[in-house]
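One structure is given here, and the rest of the page talks about it.
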Amino acid sequence: MRWAPLVERGPVLDVACGAGRHALFFAERGFEVFAVDGDDQLLPGSIHFVKANLEDGSPWPWPGKRFAAIVVANYLHRPLFPRLIQSLDEGGVLIYETFMAGNERYGKPSNPDFLLRPGELIEVFGTLTVAGFEQGVLERTKKAVVQRICAIRAPAGSVRIAA
C-alpha cells in the first residue's frame with residue numbers, strides 16, 4: 001500500500017492474484033485491471049481475469065501488452081522475471097513482495113525453491129530504477145521473512161519520492 005500512490009495510470013496487472021485483493025484495490029481507484037491466477041477466481045466484471053498456469057510453459061496471456069503497473073505478492077516463479085520486465089511500460093511501476101530465505105523458521109513456504117535469496121529482487125530488477133527495497137522479518141500475528149521492491153521503468157531523476 002505504501003507504494004501504490006506511485007501508480008498513476010493503468011492498465012495494472014495483478015500476477016497470481018488469488019482472491020484479487022490487489023486487483024480490487026486498483027480497480028476501485030478507477031484503473032483498468034488485468035489479473036491472472038492458476039485457479040478460477042470470482043472477480044468483478046470490470047477486472048479482466050485470465051485463468052492461466054504461468055509455470056507450465058503455456059504462452060503468456062498478453063503477448064506484446066505493456067502494463068503501467070505490475071503487482072506480485074506471495075508468489076515466486078523465477079522464469080517469469082524477464083517477462084515482468086518486458087511487460088512493464090515506460091514509466092511503469094513494479095511492486096513485488098514475497099517470502100525469502102529465513103522464512104522456514106516461521107512456517108511455509110520453507111522450500112528454498114520458493115524463497116528469495118538475500119537481495120535477489122535488487123539483482124533481478126536492478127535495471128529498473130529502484131524506488132524502495134526492504135527485506136527482513138515482518139512483525140505480524142504470524143511472523144514471516146519477506147523481501148519487497150518497488151521499481152520503476154524510468155530514469156532515476158524522474159522518479160518521485162514521497163516526503
Side-chain angles (χ1 to χ4, degrees), residues 1-37 41 43 47-50 54-55 60-62 65-103 106 109 113-163:
M1 294 302 159
R2 176 175 353 131
W3 295 319
L6 293 174
V7 178
E8 297 177 334
R9 61 186 170 88
V12 175
L13 173 61
D14 185 356
V15 176
C17 68
R21 178 176 48 140
H22 299 103
L24 291 166
F25 175 84
F26 286 105
E28 288 170 356
R29 278 145 188 79
F31 295 116
E32 180 180 23
V33 176
F34 292 77
V36 61
D37 198 89
Q41 301 297 332
L43 300 175
I47 296 172
H48 309 283
F49 174 76
V50 172
L54 300 175
E55 300 176 13
W60 178 246
W62 305 280
K65 184 161 185 62
R66 305 287 294 262
F67 296 93
I70 299 174
V71 178
V72 186
N74 300 331
Y75 178 73
L76 179 60
H77 182 60
R78 289 176 176 93
L80 192 60
F81 289 159
R83 176 62 74 180
L84 297 177
I85 293 170
Q86 292 168 359
S87 299
L88 192 63
D89 199 11
E90 194 61 39
V93 178
L94 171 74
I95 301 171
Y96 199 126
E97 175 182 318
T98 196
F99 303 96
M100 68 173 280
N103 193 68
Y106 303 110
D113 292 341
F114 303 110
L115 298 173
L116 292 166
R117 296 180 306 275
E120 186 171 356
L121 290 179
I122 288 275
E123 291 172 21
V124 171
F125 298 110
T127 59
L128 305 172
T129 296
V130 176
F133 174 79
E134 298 174 332
Q135 61 184 1
V137 178
L138 258 183
E139 299 290 337
R140 290 189 185 159
T141 306
K142 182 182 183 302
K143 286 186 178 183
V145 182
V146 301
Q147 193 172 131
R148 56 173 69 135
I149 194 168
C150 176
I152 302 170
R153 182 184 290 281
S158 67
V159 174
R160 291 181 303 107
I161 299 174

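A heavy-atom distance below 4.5 Å is not found between the side chains of L76 and F99. Using a 4.5 Å cut-off on side-chain heavy atoms (C-beta onward), V50 and F34 make no contact. The shortest side-chain heavy-atom distance between R148 and L138 falls under the 4.5 Å cut-off. Put simply, the side chain of Q86 does not reach to within 4.5 Å of the side chain of W60, judged on heavy atoms. Looking at heavy atoms from C-beta onward, Y96 lies in side-chain contact with L121 at the 4.5 angstrom threshold. Between S87 and L13 the shortest side-chain heavy-atom distance does not fall below 4.5 Å. Residues P11 and H48 have side chains not in contact (no heavy-atom distance under 4.5 Å, counting atoms from C-beta outward).
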Worked verdict on V93 versus W3 for side chain to side chain contact (heavy atoms under 4.5 Å, CB included): CA-CA 9 Å; V93 178; W3 295 319; 5.7 Å; no

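Scanning all heavy atoms of the two residues, the minimum distance from C17 to L43 falls at SG-CD1, 4.2 Å. In terms of heavy atoms, I152 sits closest to G91 at CG2-O, 3.9 Å. Contact between N103 and P109 at its shortest, heavy atoms only, is ND2-O, 3.0 Å.
The structure places CZ of F114 at 9.0 Å from CZ of R78, a figure rounded to the nearest 0.5 Å. Atom OG1 of T127 and atom CD1 of I85 lie 4.5 Å apart (nearest 0.5 Å). Atom-to-atom distance recorded for I122:CD1 and I149:CD1 is 4.5 Å, nearest 0.5 angstrom. Once rounded to the nearest 0.5 Å, the distance linking CG of D89 with CZ of R153 reads 8.0 Å.
Remark: R29 qualifies as a cation-pi partner of F25 under the 6.0 Å distance and 45° angle criteria applied to the six-membered ring.
For the side-chain contact (heavy atoms from CB on, under 4.5 Å) criterion with Q135, the lone passing option out of E120, E97, Q147 is Q147.
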